[in-house]
Participant: 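Below are the structure tokens for one structure; questions will follow.
We count residues from 1, following the sequence as given.
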Amino acid sequence: MPTETFEFQVEARQLLQLMIHSVYSNKEVFLRELVSNASDALDKLRLEKLRDDSLEADVSDLHIEIDVDKEARTLTVRDNGIGMSYDEVGQLIGTIANSGTATFLKELKEAQDAAGAEGLIGQFGVGFYSGFMAADEMTLVTRRAGESQGTRWTSRGEATYTLETVADAPQGTSVTLHLKPADPENQLHDYTSEWTIREIVKRYSDFITWPIRMVPEAGDGDSAAEPETLNSMKALWARSRDEVSDDEYHELYKHISHDWREPLETIRLQAEGTFEYQALLFVPAHAPHDLFTRDFKRGVQLYVKRVFIMDDCEALLPPYLRFVKGVVDAQDLSLNVSREILQQDRHIRMMQRRLTKKVLSTVKEFMTKDADRYATFWREFGTVLKEGLLTDTENRDAILAVSSFATTHADDEPTTLAQYLERMREGQDDIYYITGESRQSIENSPHMEAFRDKGIEVLLLTDAVDEVWVDAVGEYQGKKLRSIAKGAIDLDAEGDEKADEEREKQAEEYAGLLGWMGEQLDEDIKEVRLSARLTVSPACVVSDAHDLTPALENMYRAMGQEVPRTKRILELNPGHPLVKGLHQAYEEREDRAELAESAELLHTLAVLAEGGQPKDPARFVKLVADRLERTL
């Protein structure tokens with residue numbers, strides 16, 4: 001095939017310009033990126049060969065090679081791994097971040113510092129292009145294992161790139177950088193220097209399990225030096241804690257997570273006995289951009305006796321801990337294990353239980369010993385951790401113990417359920433909460449009025465998962481979790497005979513109005529009753545104790561599940577002038593057509609007050625406009 005020239009898409013060109021002008025704080029990390037990609041290619045080839053013994057591929061000496069040419073000023077990173085086909089080069093290399101370039105650019109511009117920008121680059125898988133920070137031109141030559149023909153990709157990082165087939169490409173991938181002149185003032189070092197390359201590999205890639213080789217510079221009288229391995233290849237999880245520095249752990253985290261910021265915590269675990277395994281887990285300091293997307297890759301790397309088996313082993317941690325990265329090295333699993341087998345393996349289930357408990361106990365340590373780290377963790381991962389309250393009944397108590405929630409007790413400090421119990425007033429039997437889209441909206445909700453008036457603390461739950469887990473959990477230490485927007489609530493009910501008599505009298509007095517309004521609003525509500533939760537607003541709508549809330553109904557519909565529309569209850573505040581006036585008009589007028597419109601308006605106002613939408617906005621606007629016209 002002849003050489004073909006392709007144009008980068010507009011967003012890709014913008015991204016290339018950002019890369020060329022260095023969003024990295026340290027340009028030398030391009031070598032770390034290229035070595036990391038080469039290591040992944042070797043892992044993939046060995047795994048492919050394990051699964052398909054008929055694959056024609058040489059796996060006898062898998063390695064990474066670094067070559068420099070001082071005269072030509074080129075640096076080449078070469079591997080004999082899985083390689084790429086012509087089409088794969090076009091898809092993976094020719095299109096930058098093809099699934100999210102626009103999102104990447106948006107988040108990149110919003111990144112507050114260079115470390116944040118580097119993290120985004122790793123997460124979006126465009127680290128290959130960091131080579132343009134050090135090179136004027138990049139050439140990639142690759143051949144997929146098992147295929148006979150190779151591919152060459154070339155670009156100067158501008159508007160275009162070229163693709164052509166080559167007949168004599170070796171198995172694997174080589175990336176050649178035509179280096180820019182050294183410019184120490186701009187952190188652009190001489191990357192043809194053997195010392196510089198050794199130092200970079202030692203700092204960033206020493207733990208990689210494949211040999212990284214380089215032919216040292218020939219000395220006087222040396223005709224051909226032998227390749228030298230630059231990295232120790234020691235598995236960090238197999239070494240004792242005092243042999244490994246924090247920096248080494250952090251580099252391993254960056255390698256496997258593609259997040260170039262340091263982790264929040266490193267967790268070591270070693271199990272001995274009938275089933276042996278070692279684990280090295282990392283809790284990130286920042287939530288990845290795609291944590292809540294369907295395509296998010298979760299799971300940790302699985303090794304068996306130091307042999308890489310699987311990149312994203314989902315069976316080792318539950319979905320609500322999908323943000324955790326790391327490595328698990330088991331001693332007694334088959335090298336040919338599949339994802340399906342892992343789901344059923346009892347040893348895997350044992351590991352999952354222990355790893356889960358270890359992560360949760362680490363979060364507990366944050367909470368009790370390091371408030372700042374706990375605050376960071378909960379801000380980034382609290383929402384996803386609460387998913388476990390629905391799916392993991394075995395660890396539900398442990399998850400509740402490390403969960404915290406906004407509350408009316410303090411404007412900026414969250415509270416635990418245990419702390420809420422300590423502050424409960426005498427005689428209070430329930431833990432009160434309210435759900436909504438934001439703290440501001442639910443603090444201004446009519447449902448809060450009586451609780452605010454009486455100084456009763458309410459949990460303010462604003463995450464979508466909060467709508468579900470409170471029903472699943474039900475209670476905490478014998479105290480029922482109770483929504484202040486569901487069912488009948490009477491905070492004066494206990495032992496106040498005078499209040500009881502007053503309510504009974506009002507109920508008799510308003511019985512006619514309540515029954516008539518129930519008939520008028522029958523399409524939308526199941527009942528009209530007097531309220532004990534309102535002190536300022538004229539009315540509010542509440543759900544029955546066991547009904548779905550509107551938010552839950554909308555959530556199910558968004559997931560494609562049709563649920564019947566639930567009628568709610570309209571509560572009136574008998575002490576409000578509007579309700580008193582409505583009652584008086586009902587008693588005095590025989591023609592109640594206009595009064596019916598007032599009842600409809602009152603109901604719609606109650607829906608709006610809790611953040612809902614009018615059933616018929618145009619009709620609501622017309623009714624309000626007519627009423628305003630009459631007042632002028």
Side-chain angles (χ1 to χ4, degrees), residues 318-321 353 356-357 359-369 371 374-375 377-379 381-410 412-436 439 442-443 445 447-448 450-452 454-491 493-494 533 542-549 551-552 555:
Y320 68 90
L321 294 180
R353 279 199 293 270
T356 299
K357 291 183 184 301
V359 173
L360 292 176
S361 68
T362 300
V363 179
K364 183 70 172 177
E365 286 185 22
F366 291 166
M367 177 179 273
T368 56
K369 299 178 181 178
Y374 173 75
F377 172 84
W378 192 255
R379 181 183 67 248
F381 303 110
T383 300
V384 66
L385 191 73
K386 285 186 287 188
E387 293 175 11
L389 295 171
L390 297 168
T391 58
D392 189 356
T393 54
E394 180 182 345
N395 290 299
R396 181 175 284 170
D397 288 343
I399 298 170
L400 278 176
V402 298
S403 297
S404 57
F405 313 95
T407 171
T408 54
H409 177 72
D412 52 5
E413 287 189 18
T415 192
T416 64
L417 293 182
Q419 290 169 332
Y420 182 100
L421 292 186
E422 291 174 2
R423 294 192 292 264
M424 280 176 59
R425 68 177 188 173
E426 189 176 347
Q428 183 179 335
D429 294 326
D430 301 322
I431 298 171
Y432 293 110
Y433 71 88
I434 184 171
T435 60
R439 177 171 184 140
I442 56 182
E443 277 193 314
S445 167
H447 303 113
M448 291 283 297
F451 292 86
R452 187 184 298 111
K454 296 181 180 298
I456 299 174
E457 185 175 357
V458 179
L459 301 179
L460 310 173
L461 309 181
T462 56
D463 293 326
V465 68
D466 293 330
E467 291 282 354
V468 190
W469 75 257
V470 285
D471 285 333
V473 172
E475 65 171 40
Y476 177 74
Q477 294 189 10
K479 299 291 186 180
K480 183 181 177 184
L481 291 162
R482 188 171 181 190
S483 170
I484 67 170
K486 292 179 73 172
I489 287 181
D490 189 351
L491 302 178
E494 295 181 12
R533 74 184 90 210
V542 299
S543 299
D544 222 342
H546 303 292
D547 284 349
L548 293 179
T549 63
L552 262 183
M555 198 183 301

Participant: Could you tell me which residues satisfy ring-ring contact (aromatic ring centres under 6.0 Å, His included) with F377, sequence neighbours excluded, listed by chain and number?
Facilitator: F323, F381
Participant: Tell me which pairs pass salt bridge (charged side-chain N to carboxylate O under 4.0 Å, His left out) where either residue lies in residues 394-407, with sequence neighbours left out.
Facilitator: K357-E394
Participant: Testing the basics here: between T356 and P318, what is the closest heavy-atom pair and its distance to 0.1 Å?
Facilitator: OG1-CD, 3.1 Å
Participant: Closest approach of L481 and Y433, non-hydrogen atoms and distance?
Facilitator: C-CE2, 3.7 Å
Participant: Check whether any side-chain heavy atom of M367 sits under 4.5 Å from a side-chain heavy atom of T416, and report yes or no.
Facilitator: yes
Participant: Between V542 and G487, which heavy-atom pair has the shortest distance, and what is it?
Facilitator: CG2-O, 4.4 Å
Participant: Can you name the residues that form a salt bridge (Lys or Arg N to Asp or Glu O under 4.0 Å) with E365, not counting sequence neighbours?
Facilitator: none
Participant: Taking salt bridge (charged side-chain N to carboxylate O under 4.0 Å, His left out) as the cut-off, I'd like each qualifying pair that reaches into residues 477-486, sequence neighbours left out, listed once.
Facilitator: D430-R482
Participant: Roughly how far apart are T391 OG1 and I399 CD1, rounded to 0.5 Å?
Facilitator: 6.5 Å
Participant: Might you point out which heavy atoms bring W378 and S404 nearest each other, and give the distance in Å?
Facilitator: NE1-O, 3.0 Å
Participant: Apply the test side chain to side chain contact (heavy atoms under 4.5 Å, CB included) to residues M448 and I442: give CA-CA distance (whole Å), side-chain angles for both, the deciding distance (0.1 Å), then the verdict.
Facilitator: CA-CA 8 Å; M448 291 283 297; I442 56 182; 5.7 Å; no
Participant: If a pair satisfies salt bridge (charged side-chain N to carboxylate O under 4.0 Å, His left out) and one of its residues is in residues 412-424, list it, with sequence neighbours excluded.
Facilitator: R423-E457
Participant: In Å and rounded to the nearest 0.5 Å, what is the OG to CH2 distance from S403 to W469?
Facilitator: 7.0 Å
Participant: Begin from the C-alpha positions of Q428 and I456 and carry the test side chain to side chain contact (heavy atoms under 4.5 Å, CB included) through to its verdict.
Facilitator: CA-CA 9 Å; Q428 183 179 335; I456 299 174; 4.0 Å; yes
Participant: Taking salt bridge (charged side-chain N to carboxylate O under 4.0 Å, His left out) as the cut-off, I'd like each qualifying pair that reaches into residues 381-390, sequence neighbours left out, listed once.
Facilitator: R322-E387, K386-D463, K386-D466
Participant: Mind checking the CG-CG spacing from D392 to L321? Nearest 0.5 Å is all I need.
Facilitator: 8.5 Å
Participant: State the OH-CD distance between Y420 and Q477, to the nearest 0.5 angstrom.
Facilitator: 13.5 Å
Participant: Among I434, I489, T408, which one satisfies side chain to side chain contact (heavy atoms under 4.5 Å, CB included) with F451?
Facilitator: I489
Participant: Which atom pair, heavy atoms only, marks the closest approach of R533 to A488?
Facilitator: NH2-CA, 3.8 Å
Participant: Just by modelled atom types, is the L460 backbone N or O under 3.5 Å from a matching donor or acceptor in the R439 side chain?
Facilitator: no
Participant: A side-chain contact here means heavy atoms from C-beta on lying under 4.5 Å apart; do T435 and S483 qualify?
Facilitator: no
Participant: Which pair of non-hydrogen atoms, one from P319 and one from V384, has the smallest distance, and what is that distance?
Facilitator: O-CG2, 4.4 Å
Participant: Can you confirm whether L385 sits close enough to V402 that some side-chain heavy atom of one is under 4.5 Å from a side-chain heavy atom of the other?
Facilitator: yes
Participant: Kindly indicate whether the side chain of L389, heavy atoms from C-beta on, has any atom under 4.5 Å from the side chain of V465.
Facilitator: no
Participant: Answer whether the closest heavy-atom distance between the side chains of Y320 and N395 falls below 4.5 Å.
Facilitator: yes
